[in-house]
Amino acid sequence: MNELGRSILAALNHQDEPMEAGSLASKVHADPHAVMSALESLKLEGLVTLEQGKERSKTIWLNAEGMSYYKEATPERRLANVIKKGGKIELKEALDLARLSGHEKNVAFRWAAEEELLKFERDGQQTVLRFISDKRTLTEQALDSLADLKVDEKALSTDIVSNLRKRHLLEEKESPKTVFVSITENGTRLLRAGVKKLVTQLSPHMLKDGSWRKARFQDYDLKTVVTSLQAGKRHSYLRFIREIKDALISMGFQESDGPIAELEFWNMDVLFMPQDHPARDIHDVFHLDLPPGKVSDEKLWARVQRAHEKGLNGSRGWGYEWNQRFARRIVLRSQTTTVSARALSKKMTPPLRVFCIGRVFRPDQIDWKHFIEFNQCEGIVADENMNFRELLGYLKTFAVEVFGAEAVRFVPSYFPFTEPSVEMYAKVQGKWTEVGGAGMFRPEMLAALQCDVPVLAWGLGLDRLAMKKLGVTDIRELFSQDLNYLRGV
Amino acid sequence: MVSVTVKKAYLLGLLNKKVRDAELEEALFQVKAGSDDVSGEELSLEVTGDRPDLLSAEGVARALKGYFGVEKGIPSLKLGRSDVSIHVEKEAAAIRPYLVGAVIEHASLSEEDVVDLFQMQEKLDMTHGRKRRKISIGLYDMRILKPPFYFRAFAPDSIHFIPLKSDRKMTLKQILEHHDKGKAYAHLVNAHKKYPCLVDADKEVLSLVPVINGISTSVTAKSNRIFIDHTGSDLPAMNASLNMLCQYFADRGASVKTVDVIYPKHKLTTPNPTPQKMNASIPGINRMLGTDLSSKRMISCLERQRISASVTGTQLHCRIPAYRADFMHPVDLIEEVAMGYGYNAFEVKRPSIFTKGSISETTRLTDSLEDVMIGYGFQQVATYITTKSAQSQKTHSDVPGIRILNPVSEEYSSVRSRLLPNMMDVLSKNTHASYPQKLFEIGEVVVADVSAETKTRNELRLCAVSAHSEAHLTESASVLGAIMQVLDRAFRLERFNQLPFLEGRGATIVESLTGTSRITGRVGELHPRVLESFHIEVPVAVFEVRVK
């Protein structure tokens with residue numbers, strides 16, 4: 001704090017009323033501008049408070065045009081001057097005599113009659129100007145009273161100001177508000193302590209030179225309302241999915257993924273789903289506007305065909321003529337089992353534990369319970385010693401350890417690609433919920449994929465569980481696009 | 001799953017055993033005909049797709065009798081011989097190759113039974129019969145009919161009869177053109193010059209196959225003698241279905257009689273009630289189930305499932321009722337053993353093998369980019385992969401979405417190939433929320449790729465939008481810079497003076513990959529016209545880039 005600051009604080013000390021900045025300046029014998037800037041920094045340091053006076057006014061002065069009218073004459077006066085007192089004159093002649101520029105002509109026509117200098121009359125084909133008066137007009141009085149001064153608009157009558165303003169002859173500027181100053185508690189404390197400065201911000205410089213040791217730090221006003229920043233947040237449903245991934249990874253599963261737009265071959269035929277199966281109906285799978293795809297592994301293609309038509313690995317097969325064209329169509333995958341099938345086709349050495357969480361698509365009517373796109377969690381375990389009891393063990397482990405189920409129940413089920421098949425129900429928050437299906441891949445499917453160990457497979461729908469966990473009642477809210485909701489969750 | 005409704009009192013009457021609701025609920029689930037609520041008078045059952053034999057109260061009762069130990073092993077089916085024969089003519093067989101049939105006597109149906117019977121017929125047609133393409137079932141009151149019957153093809157205008165749900169005679173052609181059922185099933189016959197019909201000796205038309213029956217032979221509560229026919233392409237499946245219906249009537253105390261089906265070159269007597277024979281290895285079953293069940297125990301499990309079995313050495317010889325249509329491989333017997341044992345009776349086994357878990361590359365990248373974006377104060381959003389195709393035009397995408405041929409609504413009629421259109425949609429739905437709005441999505445899109453097996457590939461992309469009064473290119477580009485640093489990818493920006501960007505304020509993201517320059521994304525300030533089309537009233541700066 002400099003000398004001026006200190007004198008200001010001293011001047012303010014023991015004042016009962018806030019002091020106007022101008023009088024403060026005279027009291028400390030300093031330039032008002034310097035005082036104002038000193039006050040601003042004292043305010044930042046929390047040593048004074050500044051209060052704006054309520055009244056606000058403007059300083060006005062003549063602009064260039066106004067000034068030229070003041071120094072010479074207004075265009076309307078110059079026009080009126082060419083008429084003899086009490087006489088009249090034809091317009092064209094008057095203009096010749098008055099020698100007005102284009103703009104001046106417009107101004108003269110606009111104001112001459114209004115200022116009661118002359119009036120325009122018709123005389124046959126001609127327009128004539130007739131003398132009215134030669135007394136000073138309102139504009140001329142206004143120009144005279146302002147002259148070359150800059151004054152507060154309140155110093156002049158409102159007629160004069162509004163006349164000049166209407167005629168665009170003014171420059172105007174808001175005058176600074178009157179400011180009233182009081183000393184704060186911090187300020188008096190500082191004066192009392194005789195300390196030089198309250199520090200608002202610890203700086204690297206202070207740390208370097210050690211001056212922080214002598215510094216006094218200003219108190220924060222904890223009552224000031226701070227607007228909180230908008231934090232970026234993870235999406236609640238994606239976070240839920242990520243936690244499930246973590247749980248599966250901690251159990252030793254390897255994550256895999258596969259095409260969203262999939263060949264019917266991989267989505268259904270490899271899974272031993274006959275081509276006339278209801279789940280392959282146009283009402284149950286989305287077809288895409290794409291040319292037919294082609295399966296690169298021709299031997300696999302042939303084995304799948306044989307599995308369907310005549311059977312493989314001791315099976316009778318479905319006994320129909322397999323249509324290659326259907327198998328080449330491209331659909332939105334209707335289950336992530338297709339990802340498991342692709343994983344098995346890579347002929348990795350068992351033991352193999354793979355999972356995939358991905359979007360799957362099925363036509364459905366859209367309401368609070370159903371949507372056409374949802375997340376499925378699919379996994380397989382392939383090993384020599386896998387069996388049905390171990391499958392049930394996996395399901396129970398998932399339900400309890402991944403989803404926090406209180407109890408589980410198994411029900412026989414049916415999927416074209418598993419046998420035995422099972423459906424799991426889990427008790428979550430006191431209610432039984434269908435969690436998903438599972439089974440052991442059928443021998444026809446395994447033979448087509450040339451997999452010679454048993455494979456456990458399970459597919460769980462995540463949406464219903466997520467609804468429970470996130471307290472969502474409409475399935476569409478999982479993908480909510482309501483920003484307030486997303487920010488709040 | 002196929003839904004079917006049965007009356008609880010009737011079902012329990014057939015079962016002839018007192019059963020508490022909780023027991024009944026569990027039992028129904030365990031025989032594959034589950035119901036969420038068994039407290040009412042009517043039970044709505046969800047029958048699994050492999051068990052069409054459970055589409056009637058009689059069928060469910062048959063399974064429950066095994067479950068509760070009221071009966072075990074193969075249910076009996078006594079067949080008599082009728083004098084009815086059906087001649088299958090060549091032209092008709094060319095359209096639907098097989099016909100099987102049976103005669104029921106002393107049917108004694110109540111009005112309610114008739115409703116149930118038609119329900120069963122309809123569900124069988126729809127599911128097991130694949131909407132009548134594979135199997136079509138007909139039921140006829142025999143009172144006015146005069147055997148033998150003929151399965152014969154007729155020219156569309158050559159014959160007429162009054163079909164069900166009509167009051168006037170119609171030609172075959174008129175039926176296909178005007179009758180509701182005719183229109184629904186016309187596609188199964190109208191590729192042929194002649195249409196197959198079943199007629200009796202007096203040319204009375206029983207039905208236009210597989211479309212509709214004649215009204216004069218429709219089955220009612222008064223019908224005492226009923227003729228059942230199945231036509232279709234899959235003889236074993238047809239025989240199984242016919243057996244389901246015959247077993248249904250036999251369980252009700254009616255007598256079931258065979259008919260002779262006479263083809264041009266051979267003769268069949270149907271139904272064929274011979275149980276299907278299948279062998280399974282006892283150690284094989286134990287290995288698959290993870291159990292150590294004795295052969296005796298396995299046989300009792302199977303008998304509970306209404307399957308009879310005997311044993312020699314380590315082989316089980318099973319006899320499966322002819323009404324079961326779901327045995328293709330010995331593995332199918334294993335599930336029957338498991339069901340007979342009880343799914344909830346198994347001692348579950350804890351996971352026994354160890355492998356190392358790992359996340360996919362996609363997840364790893366997503367994780368690290370999410371951290372950066374959230375660090376910069378961006379809110380994560382997740383949008384659907386199926387989307388409105390118009391959005392992509394409104395944002396002037398470089399790649400259009402892939403069209404869905406059978407969308408359920410315009411709102412979800414294409415597959416996204418870029419993320420920006422969805423992000424703009426989110427912004428336009430949130431103009432009431434406070435600004436700044438900084439959002440991002442990391443997600444998979446599908447882009448066309450002719451060289452791929454699926455003609456497409458998944459692409460992982462990141463899109464970030466900043467909407468606030470001072471949003472500008474520099475802001476987006478600096479976040480993009482941070483992202484590319486995390487990905488360890490060098491890039492440069494090249495001016496892109498086209499929509500969706502404001503002139504001079506858009507750029508493509510160009511990366512050098514193995515010597516060639518590739519455009520991997522875009523960054524810029526959106527053109528006011530684009531903002532207007534989304535009703536957004538603050539500047540928006542965006543970037544979208546391919547991650548993987």
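Remember, it's a predicted structure, so these values are computed and weren't measured experimentally. Computed from heavy atoms alone, side chains included, the values below leave out hydrogens, waters and symmetry copies.
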Indicate yes or no: does [X] engage [Y] in a salt bridge with an N to O separation below 4.0 Å.
X: B/Asp50; Y: B/Lys32; answer: yes
X: B/Glu361; Y: B/Lys548; answer: no
X: A/Asp281; Y: B/Lys131; answer: yes
X: B/Glu453; Y: A/Arg342; answer: yes

Which one of [options] has the most heavy-atom pairs closer than 4.5 Å to chain A?
options: B/Thr363, B/Thr366, B/Val415; answer: B/Thr363
options: B/Asp36, B/Thr355, B/Thr48, B/Val348; answer: B/Thr355
options: B/Ser409, B/Pro407, B/Pro436, B/Ser434; answer: B/Ser434
options: B/Ile385, B/Thr456, B/Thr386, B/Val446; answer: B/Ile385

ask   = Which class fits the ring pair A/Tyr394 and A/Phe398: parallel under 30°, tilted 30 to 60°, perpendicular over 60°?
value = tilted
task = Give the member of A/Cys356, A/Gly319, A/Pro292, A/Ser480 that has the highest number of heavy-atom pairs under 4.5 Å with chain B.
result = A/Pro292
query = Side chain, backbone, both or neither: which part of B/Ala382 has a heavy atom under 4.5 Å from chain A?
reply = both
query = Side chain, backbone, both or neither: which part of B/Glu336 has a non-hydrogen atom closer than 4.5 Å to chain A?
reply = neither
Donor-acceptor pairs under 3.5 Å, side chain of residues 409-416 of chain A to any protein atom, not counting sequence neighbours: which ones?
| from | atom 1 | to | atom 2 | distance (Å) |
| --- | --- | --- | --- | --- |
| A/Arg409 | NE | B/Glu26 | OE1 | 3.1 |
| A/Ser413 | OG | A/Glu423 | OE1 | 3.1 |

